[in-house]
Amino acid sequence: MNNSENEFSRRVTITNDLGLHARSAAMIAKLVQNAKSNVWLIKDGKKADASSIIDILSLVCPKGSTITLTIDNQSDLGILNDLVRLIESGFGE
Amino acid sequence: MLNTNEHEIRLQGINVAPGICIGKAYLVGKEGVEVVDKYFISKDNLQNEIKRFKSAVKHAKDKLQEIIEKTPEELRQHIHILETHKVLYKDKMLYGKTIETIEKKRVNAEWALKNVVSNVKNMFRNMPDPYLQGRMADIVHVSESIMQNLVGAKTLDIGAIGKRVILVAVDLSPAETSQIQLEKIKGLITELGGKTSHTGIIARTLEIPAVLGLEKATHLIKNDDIIIVDGTAGIVIVHPTDKTLIQFEERQSNYERHMAVITRSSHLPAKTTDGVKLEVMGNIELPEEVVSVINYGGDGIGLYRTEFQYLSQRDFPYENDLFENYKDVVEVMAPNPVTIRTLDISGDKAVSYASNSDEKNPVLGLRGIRYCLKNPDVFKTQLRAVLRASAFGPVRILLPMISCHDEVLAAKKILNKAADSLDKEGILFNDNIEVGIMIEVPSAAIMADVMARDVDFFSIGTNDLIQYSLAVDRVNRQVAHLYQPLNPAIIRMIKYVSDIAKNNDVEVCVCGEMASDPVNIPILLGLGISNLSMNPQSIPAIKKIIRSLNVKDAALFVKEVLKETSETGIVELLFGTYSSILFELGYTEP
């Protein structure tokens, strides 16, 4: 598995005050439900399934942490970009 | 039967509800000692078992969707947590893992779910962030609702206990304590909580001996252990020797005899030796408690907490249900007054469908009148119900958590709207209903002269007033010793409010836990307080001490008290002055 940034992965910083909490994790999971293949969040070498709120919460991402998003299937590129936008917008908080 | 290989263990906790009981321990752990059956599923039936699980999830999710849809538009801001729950139902770590466990281990769905949740719990427990740890509650909630659908609409485990036991738990939620049935529970032990925690209040209300704040209780005590709970002294004894058992059985019967003596005189008025009659009223949470207020000789309801109907349901209660409850209480209590406190959703009593889980400090957050003014429809519904009940006997409205004068005006405006709407519909109510405020935030106490212009009475809620004035979290064991009702700052604050009330012809009542401890009565009496409200079972002892005091002496005594600079000094002075009276009540100098 290659974690470095490539066309299938993006690095983003969590900007909202609460970090990845229940509501924001739910928003991510909802988006990822439409993905054809797996979407991952990676932080400090730990990997979480982005379709699972529980898995996302288990990464513990407070405000200011940097995470990598990756997709397994090229056709999920649209979702990857939507995710980056969602996180960078601070989840509309 | 004699246990030779187990030694008697004595544990000290916080004495929260008096009385002594001896019985078997029953653990309700967060770890789920509750009975979940485990059985194996044959290969042919695996698909059916998975289907059963899926349909339980679907039912739970549909039910939630229904709640979300029924929530009025203006409350939608509170339901994002429910939307999160909806997504959680299908979460891979929960949903997927459970199905996987059923398939791989060939076990029933309940057992698989229990195991999966237990793993997730362990993961969350190790998280560094308390907020994330708190999210465990969401997962527990979701999994419990699936579990309920799996086993049929069974109530939570507390309701299902079949024998009379002593409950041992880490902590009990308000929802859990509300299910305690007297015929099943003898005593209560929890690791968290203190005298004024919700569990403590309920234990005293139901007259269940309780020791709270007992660290590691769920580790030291095992299911079916024989234990003694001495709620008067705050002691728990595990594996008592025969000698100890005999000793405590004797104490138990002494205590019961003592209570019987006090109770016998409880219907006599609480008149001081110089002829001043005090109103001694009861605090209640459940309509059923009116009966105990009457039995213990209470002169009315000084504080009717109304949160229970909001806590026990999945959605906001209807006006009619509220009205029926209030009317019951008012009719039974008439001609004595019933003071109904409007909804005070608070930090330790969060209502799941109405809570804003993003609040970092809910005790200083959106609670009491603040919540009601932000949700005028919820507030108006309750006020209409209270007004309707006022047609059936004397009712007074009490507004909680007032911290500024504007809130009083805004609340009264909504009250007027509620009254107008009833008027238009031709529904009867008392249009001269008395309105009072809780004095529990220091700012309200300081502004009492301004508040007095717009209210008929003050009710001093000492629990919160002490907590906010001394900046002490009453359930935090580290600082619990700083929670001092007799702190000179508190006494001065009560004096200030009481003096202003007298000058402005506003009635004043003390309705916190402070009023229910006989030790505090000489000081309250000397401060000019003539109305007290407390948990019903404290009424007899309070009435008894009032009958042995006199107002003139108490006033002189308070003058001396006001010169003291520390709680210790005040307590010493108190026991020096009133030693014989307090000794008679079983108090010895600390």
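Judged purely by atom type and a 3.5 angstrom limit, A/Asp49 has no side-chain atom pairing as donor or acceptor with the backbone of A/Asp55. Proximity of a side-chain donor or acceptor of B/Asp91 to a complementary backbone N or O of A/Ile54 within less than 3.5 Å is detected.
B/Arg52 has its side chain within reach of B/Glu110: a pair of non-hydrogen atoms, C-beta onward, lies under 4.5 Å apart.
The greatest number of non-hydrogen atom pairs below 4.5 Å with chain B, out of A/Ala25, A/Pro62, A/Ser58, A/Ala29, is found for A/Ser58.
Heavy atoms of B/Met123 lying under 4.5 Å from chain A belong exclusively to its side chain. Contacts of B/Ile139 with chain A are made by side-chain atoms alone, with heavy-atom separations under 4.5 Å and no backbone atom involved.
The existence of a salt bridge linking A/Lys36 and A/Asp76 is excluded, since no basic side-chain nitrogen approaches an acidic carboxylate oxygen closer than 4.0 Å.
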